[in-house]
Q: 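Take a look at this one; I'll ask things after.
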Amino acid sequence: MASSSDLENPNTIASLPYSYAPLPDREQPTADEPTVVLHPKKTAIFLVCAFLSVAFLVTLMAGNGHVVIKNLTTNVAPSTVETPTKTTPMSRGVDKGVSEKSFRAFLGADNSYPWNSNMLGWQRPAFHFRPEKNWMNDPNGPVFYKGWYHLFYQYHPDAPVWGKIVWGHAVSKDLVNWQHLPIAMETDQWYDEQGVWTGSVTILPDGQLVVLYTGSTNESVQVQNLAYPADPSDPLLIKWVKYPGNPVLVPPPGIDLKDFRDPTTAWKTPEGKWRITIGSKVNKTGISLVYDTEDFKTFELLDGVLHAVPGTGMWECVDFYPISKQDENGLDTSVDGPGVKHIVKASMDDDRNDYYAIGTYDAYKGKWKPDNPALDVGIGLRYDYGIYYASKTFYDQNKQRRVLWSWIKETDAEASDISKGWASLMGVPRTILLDKKTQTNIIQWPVEEINSLRTNVTVFKNLELEAGSLVPLNLPAASQLDIVAEFELDERTVLRLNGGEVAYECAKNGGAGTRGALGPFGFSVLAHEGLIEHTPVYFYVAKGVDGNLKTFFCADQSRSSTATDVDKSIYGNIVPVLKGEKLSMRILVDHSIVESFAQEGRTCITSRVYPTKAIYNNAQLFLFNNATAATVTASVSVWQMKSAKI
Ligand code: DQQ
């Protein structure tokens with residue numbers, strides 16, 4: 001095992017057994033195809049790898065994989081099993097006017113899996129933020145203030161399910177290690193009796209802070225309220241005061257009393273006023289209302305809306321911010337001008353995903369339009385193609401960057417959340433920049449501070465993965481990893497191949513078990529040695545009739561767990577790959593959370609994975625190439641990740 005200081009020294013690069021097993025459905029190699037030559041001393045390892053490869057391929061190819069999973073559930077030893085508390089399925093949030101807050105696909109079905117405390121204990125993340133216990137959802141009011149990063153969040157202090165929400169609060173010097181602080185705002189007023197909901201911080205020119213947040217009133221009407229720090233000289237901002245004249249905004253005529261929430265950070269208008277936007281809907285059209293204010297106490301509703309998209313439903317947690325067309329730094333929210341584009345992001349209550357679009361803002365009219373109407377908000381690009389919702393950015397004046405926080409919910413049964421005593425966490429904070437190469441998407445990347453958790457790197461250079469190969473990376477531990485890899489497809493095969501693959505979709509084409517000439521290939525994370533459980537994160541390259549390549553980035557959870565009561569979706573989307581670029585991915589594995597980034601953050605996928613066997617020392621990492629034709633060359637660095645103080 002090489003250490004990080006050995007990185008530059010080629011002698012310390014780990015040697016790796018070459019693994020190849022003929023594919024069950026593959027003809028013998030033809031003369032012009034590469035032949036595998038095994039070194040004698042590697043034969044023993046080869047046999048083990050070949051066995052695993054066959055097991056892997058059989059697993060991958062067994063229909064959609066569910067048959068395998070069903071059969072294997074009988075292997076779970078029930079000796080230490082605790083019977084989970086059965087809960088009556090009930091809606092979390094909908095009757096109060098917000099989206100469903102539990103993962104409900106399996107609720108009501110009598111298929112609770114016998115989870116034990118060992119399994120549930122492993123799921124707890126080591127470097128993703130979450131409160132000490134109970135329920136958390138949206139990030140609120142992130143800000144850098146007097147040397148501290150503040151994170152407020154939707155928090156239910158009484159149970160690990162959504163309920164009467166208050167603002168939880170934590171601070172950090174580095175966005176990695178956190179100190180939990182007392183609840184910042186409780187449900188102690190008639191105008192927020194049913195919940196202190198999502199809101200934002202604005203920094204005024206004199207450095208003072210104001211907060212606007214949604215209160216769900218005693219009658220579950222959604223109103224906007226003003227709050228500010230009780231003692232602005234306190235860098236920890238422990239105590240907050242609610243403005244006595246609250247609410248400062250109530251739903252305007254034509255807007256349903258339960259469709260008016262989540263005020264943004266304010267930005268400056270050309271006239272020097274402050275402007276905010278608030279999500280809503282009219283029938284099925286998602287909209288963003290615009291208000292101007294001078295004092296955050298009285299507001300003027302602008303004619304029309306910032307933007308509206310028919311058919312998208314209620315917009316929650318709208319975010320609006322500038323992004324530089326040429327610079328590598330982030331922009332403060334009020335920045336505007338010729339070198340600037342503006343992003344509108346909305347969290348779609350209907351499908352629970354965060355969509356963004358790049359466009360042009362008209363500050364005089366208070367309106368924004370997308371550069372490409374086909375990729376409008378709610379119908380085009382997503383921040384993340386997995387579990388990622390209610391996100392919120394802030395401008396970090398400490399490091400001149402825009403940082404994205406997001407809620408990652410659970411996709412297990414609510415009964416498991418009750419057993420483990422906590423539910424949900426935050427994604428690792430990501431910097432956001434416009435992709436200068438494509439100009440048509442943003443790039444998201446874990447904040448650089450995350451790298452401080454890296455330790456014990458293992459490096460594999462130019463590994464040749466024949467079509468149909470599987471390589472165990474034999475790491476001492478694989479539940480906390482930072483994996484960075486580059487892949488190159490064998491050019492001769494790519495050129496030789498007749499194009500013709502028309503449509504591919506990660507979710508619809510059978511996942512890692514669907515084999516094409518040029519993919520899938522990538523990693524299997526949280527993999528049990530016999531691949532009883534494993535989660536492939538991979539590229540799939542399709543050659544079209546026009547000869548052009550299209551690359552997809554996917555995460556396949558269909559075999560991630562032998563448990564029957566967790567989500568097993570296959571996620572993913574296309575990823576732009578420009579001429580001359582290698583395929584690259586980064587994966588952060590943190591127990592039950594896997595955050596994956598392709599092409600330096602053009603396409604991202606966050607997965608929640610709940611293995612029952614591939615846990616603790618039984619979690620492993622494999623490289624695989626399940627293509628039928630192409631050899632793939634992989635160069636990989638894998639760091640073990642230390643636990644953060646959270
Ligand atoms: N969560 C909050 C609302 C917001 C929703 C309530 C999004 O303000 O619309 O907990 O998850």
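What you are looking at is a predicted structure, and each value in this text was computed from that prediction instead of being measured. As the structure lists them, so they are numbered: ligands from 1, and atoms in each ligand from 1.
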Q: Tell me the protein heavy atom at minimum distance from atom 8 (O) of ligand 1, and give that distance in Å.
A: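 The closest one turns out to be Asp262 OD1, 2.6 Å.
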
Q: Below the 3.5 angstrom mark, is there an N/O of Trp162, backbone or side chain, next to an N/O of ligand 1?
A: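 By distance alone, the answer is yes.
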
Q: Quick one: does Lys101 get within less than 4.0 Å of ligand 1, heavy atoms only?
A: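 For ligand 1, residue contact (heavy atoms, under 4.0 Å) with Lys101 is present.
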
Q: With a cut-off of under 6.0 Å to the ring centre and 45° to the axis, is Arg586 in cation-pi contact with Trp445?
A: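 Yes.
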
Q: Closer than 4.0 Å to some heavy atom of Tyr389 - which atoms of ligand 1 meet that?
A: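 With Tyr389 as reference, the close atoms of ligand 1 come out as 11 (O).
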
Q: Answer yes or no: does an N/O atom from Glu316 fall short of 3.5 Å to an N/O atom of ligand 1?
A: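 Yes, at least one N or O pair falls under 3.5 Å.
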
Q: Just to verify, what does His156 make a ring-ring contact (aromatic ring centres under 6.0 Å, His included) with, not counting sequence neighbours?
A: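 ring-ring contact (aromatic ring centres under 6.0 Å, His included) list for His156, sorted by chain: empty.
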
Q: Indicate yes or no for a side-chain donor-acceptor contact from His180 to the backbone of Val171 under 3.5 Å, with no hydrogens or angles considered.
A: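 Absent.
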
Q: Examine Thr198 against ligand 1 and note whether any of their N/O atoms are separated by less than 3.5 Å.
A: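 Between Thr198 and ligand 1 (N or O atoms, distance only) the closest approach is under 3.5 Å.
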
Q: How far is atom 6 (C) of ligand 1 from its nearest protein heavy atom, and which residue and atom name does that atom have?
A: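 The closest heavy atom on the protein side is Gln154 OE1, 3.2 Å.
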
Q: Please state which protein non-hydrogen atom is closest to atom 2 (C) of ligand 1 and give its distance, to 0.1 Å?
A: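 It is Asp138 OD2, 3.3 Å.
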
Q: So with a 6.0 Å cut-off around CG of Asn283, is the heavy-atom count from everything else above 12?
A: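 No - once you tally the heavy atoms of other residues, nucleotides and ligands closer than 6.0 Å, there are 12 at most.
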
Q: Give a yes/no verdict on a cation-pi contact between Lys645 and Trp178, requiring under 6.0 Å between NZ or CZ and the six-membered ring centre and an angle within 45° of the axis.
A: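 The answer is no; the distance or angle limit is not met.
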
Q: Any carboxylate oxygen within less than 4.0 angstrom of a Lys/Arg side-chain nitrogen, looking at Asp362 and Lys367?
A: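 Not counted as a salt bridge, because no side-chain N and carboxylate O are separated by less than 4.0 Å.
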
Q: Can you tell me which portion of Asp349 lies within the under-4.0 Å heavy-atom range of ligand 1? Options are side chain, backbone, both, or neither.
A: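 It is neither part, as no heavy atom is under 4.0 Å.
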
Q: Among all residues two or more places apart in sequence or in another chain, which pass the salt bridge (charged side-chain N to carboxylate O under 4.0 Å, His left out) test with Arg608?
A: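 Arg608 satisfies salt bridge (charged side-chain N to carboxylate O under 4.0 Å, His left out) with Glu410 only.
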
